[in-house]
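Reading through the structure tokens given below for one structure.
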Amino acid sequence: MQPNSPQLVTTIDELRKKLLEVRRAGRRIGLVPTMGALHEGHLSLVLASRESCDFTVVTIFVNPTQFGPDEDLDSYPRTLDADMRALARCGADLVFAPANSEVYLPGHQTWVEVDTVAKPLEGSCRPTHFRGVTTVVMKLFNMVGAEAAFFGQKDYQQALVIRRMADDLNVPTEIHICPIIREADGLAMSSRNAYLSSIAREQAVVLSKSLRLAEELVDRGELDAGQIIERMREVISAADLAKIQYITLADPQTLEPVEEISGETLAALAVVVEDTRLIDNCLLLPGK
Ligand code: PAF
């Protein structure tokens with residue numbers, strides 16, 4: 001049997017009308033914000049929403065304000081038909097896929113900006129990125145008014161920044177962070193993996209390999225962050241197409257770098273493989 005396709009709406013008016021009915025019926029609304037080009041990672045967020053909510057809204061919007069001037073806004077994959085089919089299979093109820101002009105009015109000049117936690121790592125490589133993310137996510141929160149919203153741990157800093165924003169601005173939506181979904185060889189799923197040539201795809205496995213090595217080293221009692229980063233760097237440098245942007249071991253809440261692993265620690269990295277920028281992370285737990 002053909003699964004039911006979610007309803008597709010493109011305007012804020014239609015979205016609000018539909019969600020008013022849902023709310024009146026006493027149903028709990030879950031929100032999964034995406035930029036489309038959906039993969040199993042996104043679909044796991046939809047499933048998480050379905051587990052704790054009665055009605056799941058997926059937004060598909062390639063948000064121009066989170067791309068830097070030299071980034072891949074124009075080439076970012078746009079695959080609405082395939083996305084709709086995948087969302088039908090996993091039981092999303094409604095898809096909101098607005099045009100740019102629906103989200104950003106002419107003369108738009110209001111920004112939501114999170115301070116310290118948005119500055120290092122991704123913030124230092126992509127200086128205007130988080131301002132675009134927090135602005136659009138706040139807009140989506142206001143448009144949808146969901147009880148809960150679901151984000152992936154793959155974008156660890158993004159999730160932290162959004163949680164900070166939601167706490168600081170008294171957003172009533174619960175923020176859920178769901179585990180990273182990986183390919184069989186360990187590569188974290190990402191819409192940008194589609195850009196990888198076959199040789200770059202083979203080499204991209206060094207990101208997750210370096211994180212597994214960090215976990216093994218910590219399990220074996222290595223607590224010196226410098227040593228661990230050095231060993232991760234060696235793994236990545238073995239791939240000749242890979243260029244490291246950063247590798248950090250940091251406090252998982254403040255993102256301040258640590259010198260010694262004394263409690264739960266974030267290992268995070270950004271690597272350009274051929275022309276594709278990839279990120280990945282894991283939480284290291286000493287004495288596990
Ligand atoms: O993670 C993403 O896909 C985007 O940054 C988000 C949260 C949908 C905002 O555009």
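Counting starts at 1 for both ligands and their atoms, following the listed order.
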Which atom pairs, donor and acceptor, lie under 3.5 Å between side-chain atoms of residues 107-119 and protein residues at least two apart or in another chain?
{"residue": "His108", "atom": "NE2", "partner": "Thr110", "partner atom": "O", "Å": "2.8"}
{"residue": "Asp115", "atom": "OD1", "partner": "Lys119", "partner atom": "NZ", "Å": "2.6"}

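In this structure a side-chain-to-backbone donor-acceptor pair under 3.5 Å is present from Thr265 to Gly263. Using modelled atom types, one side-chain atom of Gln203 and one backbone atom of Leu241 make a donor-acceptor pair closer than 3.5 Å.
In this structure Arg233 satisfies the side chain to side chain donor-acceptor pair (under 3.5 Å) test with no other residue, sequence neighbours excluded. Under the salt bridge (Lys or Arg N to Asp or Glu O under 4.0 Å) criterion, Arg50 pairs with no residue at all, not counting sequence neighbours.
Annotation: side chain of Phe96 is not in contact with side chain of Phe61 (no heavy-atom distance under 4.5 Å).
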For ligand 1, what N or O to protein N or O distances fall under 3.5 Å?
{"residue": "ligand 1", "atom": "1 (O)", "partner": "Gln158", "partner atom": "NE2", "Å": "2.8"}
{"residue": "ligand 1", "atom": "5 (O)", "partner": "Gln66", "partner atom": "NE2", "Å": "3.0"}
{"residue": "ligand 1", "atom": "5 (O)", "partner": "Gln158", "partner atom": "OE1", "Å": "2.7"}
{"residue": "ligand 1", "atom": "10 (O)", "partner": "Gln66", "partner atom": "OE1", "Å": "2.6"}

